[in-house]
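This report concerns only the one structure given below.
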Amino acid sequence: MKIAIYPGSFDPITSGHLNIIRRAANIFDRLIVCVMTNHNKSPMFSREERVALIKKVVEDIDNVEVDSSDDLLAEYARSKGSCVIIKGLRAGSDFENEFQMALINHKINPTLDTMFLTAEHQYMYLSSSTVKELGEYDVDLSDFLPEQIIPDFKRRIAAINQGGNRK
Ligand code: ADP
């Protein structure tokens, strides 16, 4: 059984992420979407909330499961019996960093390869941080976020604005 891992911050999951998930799930027997801790980012949603949001949008995809981890990605993949990491590649910005990460992960765990899926053109410039910026305005988010989580996202933006402290 071929198991792939799709790691990321997913703060929150966007339509671009979901597109990669659907495509990867068509290629592999099992896909584990894993919310990883990024020590350089302070998230809008907690790790548990991000996992719950992803679960909501992948409900209909049988071979996808959702997890979270603090481990080093190469070690996490090993523990799951996976030898493939999936990454989405957007225009320009992702390449340098992802290339470096792929080499490092392969060095730490030589059985591990990284497979890149190119972003679909309509999501090429979409990131979670762009969506968070847009959330501050009265913009239709349906091209950017999966429909099921738009209410959760709007509620969180409203709560942050009411409390006056954006995490
Ligand atoms: P973001 O940069 O949006 O905060 P993450 O750290 O959650 O993204 O990204 C997880 C993975 O998803 C990375 O491999 C990233 O390149 C990929 N990804 C993010 N947004 C998109 C998109 N719009 N289309 C394709 N892949 C994407």
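Throughout, numbering of the chain's residues begins at 1 and tracks the sequence. Whatever order the structure lists them in is the order used to number ligands and atoms, beginning at 1. The structure displayed is predicted, hence computed values, not measured ones. Values below: all heavy atoms of this structure, side chains included; hydrogens, waters and symmetry mates excluded.
Contacts between M124 and ligand 1, counted as non-hydrogen atom pairs separated by less than 4.0 Å, are absent for every part of the residue. Looking at L126 against ligand 1, both its backbone and its side chain come within 4.0 Å, counting heavy atoms.
Less than 4.0 angstrom separates some heavy atom of S127 from each of these atoms of ligand 1: 3 (O). Under a 4.0 Å criterion applied to the non-hydrogen atoms of S9, ligand 1 contributes the atoms 5 (P), 6 (O), 7 (O). Per-residue contacts place F10 under 4.0 angstrom from the following atoms of ligand 1 (heavy atoms of the residue considered): 7 (O). Atoms of ligand 1 found under 4.0 Å from any heavy atom of K87, numbered from 1 in the order shown, are 14 (O). Every atom of ligand 1 with a heavy atom of D94 under 4.0 Å away is listed here by number and element: 16 (O). Shown in contact with I20 at under 4.0 Å from a heavy atom are these atoms of ligand 1, numbered in order with element: 25 (C), 26 (N).
By the rule that hydrophobic residues join a cluster once side-chain heavy atoms approach within less than 4.5 Å of another member, I157 and I150 end up as members of one cluster.
Between L134 atom CG and D143 atom CG the span is 10.5 Å, to the nearest 0.5 Å. Residue C83 holds its SG atom at 12.0 Å from CZ of R78, rounded to the nearest 0.5 Å.
Proximity of T14 to ligand 1 is not established, as no heavy-atom distance is less than 4.0 Å. Ligand 1 has E98 within reach: a non-hydrogen atom of the residue lies less than 4.0 Å from it. Taking 4.0 Å as the cut-off, P7 counts as a neighbour of ligand 1 on heavy-atom distance.
Summary of contacts: the protein heavy atom closest to atom 3 (O) of ligand 1 is S128 N, 2.9 Å. For atom 4 (O) of ligand 1, the nearest protein heavy atom (residue, atom name, distance) is K41 NZ, 3.4 Å. Protein heavy atom at the shortest distance from atom 16 (O) of ligand 1 is G88 O, 2.6 Å. Nearest protein heavy-atom neighbour of atom 21 (C) of ligand 1: R90 CD, 3.5 Å. Shortest contact from atom 8 (O) of ligand 1 to any protein heavy atom: H17 NE2, 3.3 Å. Counting protein heavy atoms only, atom 12 (O) of ligand 1 is closest to Y6 OH, 2.6 Å. From the protein, the heavy atom lying nearest to atom 24 (N) of ligand 1 is A119 CB, 3.4 Å.
Contact check for P7 versus I85: side-chain heavy atoms found under the 4.5 Å cut-off. Residues I13 and R50 have side chains not in contact (no heavy-atom distance under 4.5 Å, counting atoms from C-beta outward).
Open room surrounds CD on E147; 12 or fewer heavy atoms of other groups in view lie less than 6.0 Å from it. Annotation: D70, atom CG; neighbour count of heavy atoms from other residues, nucleotides and ligands within 6.0 Å is above 12.
One side chain, D67 or Y76, offers a donor N or O that lies under 3.5 Å from an acceptor on the other. A donor atom on one side chain and an acceptor atom on the other are found under 3.5 Å apart for N19 and R23. Checked by atom type, the side-chain pair D11/S9 shows no donor-acceptor distance below 3.5 Å.
Considering N63, I20, I21 as possible partners of L31, the one that fulfils the side-chain contact (heavy atoms from CB on, under 4.5 Å) test is I21.
Ion pairing of K55 with E65 is absent here, as no side-chain N (NZ or NE/NH1/NH2) approaches a carboxylate O to less than 4.0 Å.
Of the polar atoms of Y123, at least one N or O is found under 3.5 Å from an N or O of ligand 1, judged by distance alone.
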